[in-house]
Amino acid sequence: MTAESAELLRWYDSHARVLPWRVGPAERAAGMRPDPYRVWLSEVMLQQTTVAAVKAYFLRFTELWPNVAALAGAEDDVVMGEWAGLGYYARARNLLACARIVVRNHGGRFPDTREGLLTLPGVGDYTAAAIAAIAFDRPETVVDGNVERVMARFHAVSTPLPKAKAELTALAAGLTSGVRPGDYAQAVMDLGATICTPRNPACGLCPWRDPCRARALGIAAELPRKAAKAAKPTRLGTVWIARRADGAWLTERRPDKGLLGGMLGWPGTGWAEIAPDDTPPLQAKWQAAGEVRHTFTHFHLRLKVMAAEVDREVESGVGGFGRLNPGDLPTVMRKAHVMALTALENPENAGENRVGFA
DNA sequence: GAGTCGTGGAC
DNA sequence: TGTCCAAGACT
């Protein structure tokens, strides 16, 4: 163990954040170990997602499904509905697939090595190392966005990401502690999340302020460098939102692959830079409810929302009418639903509504 | 290796 | 308003 990693562990002992999935340093010292199921679940939820956003989902999932066997036995649509709003929905599909593999092929126990964990769906280099270190105290090197930033500054690496990834991984491995590896892994990430932040790093409070090369050079806030990102195009589309007299809504399940895969949605056009032809899924007195603006990772969407009340007898070929829990909808579809509801309640204002406009 | 894949908060 | 960013994985 290096002097630096020892210093970081001392910092962590007094500054570790309290998180629902975390076994803190004092509890670990008392012999407690985290539940691999909870570590895995939290790490998957935390992929490209903030701690603030994950907390409520983690508590809800562990309440509904306290162990991997319970989750493996859940119905797909229920899990997708509970994941709604958290984003990156392939994670939810992989989560279920992984739970079922762990139960069926591993006797309900997660593999306890990085290599074994890597075979699971939805578990990549980072997550495998994180579970191995945190749940099984193996001295694996975790490299997430926090660690990349901390290492780029600590060693003053000016090579832009993602090209610098391999170099930063090697530098991180050089600092990884063989003592208390689970605490160390969380300590580096906590350092990046609370001190060595992307903007305005709090170098004065950093346990690594002395050995940090970027701080010595006065360029900590400039690192890590990143390659320029492509501009986001704008795509257009239309959704048709029909409410039957008995309160049922016409929804459809999206295909498993692709954007919002496996999630509930509204019948509508595809989304393209040239407005697609929009033909309603059924004949009704459609009103233009307004336009939803929503930004995905790689494009902006302007979604025209059409709404209608239909008779109980109406049938559609594209999906089914049924009871709707709006919380099961991904966010963009929930925005469209809110807009349709507003139009149906206030038909005189139809077309004036905007969602996603400041 | 470069694209794809969500969302909400900070600035 | 727009841009960046968050405990990445998969193709």
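Letters go in sequence order (proteins before strands), and every chain restarts at 1. Any value given below was found using the heavy atoms of this structure, including those in side chains, with hydrogens, waters and symmetry copies removed.
Every pair tested for side-chain hydrogen bond (donor to acceptor under 3.5 Å, both in side chains) that includes a residue from residues 199-228 of chain A fails, sequence neighbours excluded, so the list is empty.
Contacts of L86(A) with the nucleic acid, taken as non-hydrogen atoms under 4.0 Å apart, include base atoms.
Applying the side-chain contact (heavy atoms from CB on, under 4.5 Å) rule to T169(A) yields the partners V143(A), K165(A); only residues at least two apart in sequence or on another chain are considered. When the side-chain contact (heavy atoms from CB on, under 4.5 Å) test is applied to P20(A), the partners found at least two apart in sequence or on another chain are K55(A), F58(A), L59(A).
Taking atom CH2 of W83(A) as the reference point, atom P of dC5(B) lies 18 Å away to the nearest angstrom. For the pair Y89(A) OH and dT4(B) C1', the computed distance is 15 Å after rounding to whole Å. If you measure from atom NZ of K335(A) to atom C1' of dG6(B), you get 10 Å, rounded to the nearest angstrom. The CZ-C1' distance, from R235(A) to dG6(B), rounds to 14 Å in whole Å.
Of the side-chain N and O atoms in H294(A), none sit less than 4.0 angstrom from OP1 or OP2 of dG6(B). Look at R91(A) and you won't find any side-chain N or O under 4.0 angstrom from OP1 or OP2 of dT4(B).
Nucleotides dG8(B) and dA9(C) have their P atoms positioned 22 Å apart, rounded to a whole Å. Spacing of C1' atoms, dA6(C) relative to dG1(B), comes out at 23 Å, to the nearest Å. If you take atom C1' in dC5(C) and the same atom in dC5(B), they sit 16 Å apart, rounded to whole Å.
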Atom pairs and distances, side-chain donor-acceptor, residues 257-270 of chain A, under 3.5 Å, sequence neighbours left out:
unit_1	atom_1	unit_2	atom_2	d
W266(A)	NE1	M333(A)	O	3.0
T269(A)	OG1	T238(A)	N	2.9

Atom pairs and distances, side-chain donor-acceptor, residues 94-101 of chain A, under 3.5 Å, sequence neighbours left out:
unit_1	atom_1	unit_2	atom_2	d
N94(A)	ND2	A90(A)	O	3.3
R100(A)	NE	A72(A)	O	3.0
R100(A)	NH1	D76(A)	OD1	3.2
R100(A)	NH2	A74(A)	O	2.7
R100(A)	NH2	D76(A)	OD1	3.0

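Residues G87(A) and A230(A) both approach DNA chain B. Their nearest nucleotides, taken by heavy-atom distance, put A230(A) toward the 5′ side. Heavy-atom nearest nucleotides on DNA chain B were determined for G258(A) and for N200(A), and the one closer to the 5' end corresponds to G258(A).
T234(A) and E273(A) are not linked by any side-chain donor-acceptor pair at a separation below 3.5 angstrom, with hydrogens and angles left out of the test. Between T197(A) and R149(A), the side chains place no donor N or O within less than 3.5 Å of an acceptor N or O (distance only, hydrogens not considered).
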Reading nucleotides 2-11 of chain C from 5' to 3' and marking B where a protein heavy atom lies under 4.0 Å of the base, S where only the sugar-phosphate is that close, and - otherwise, the string is ---SBBBSS-
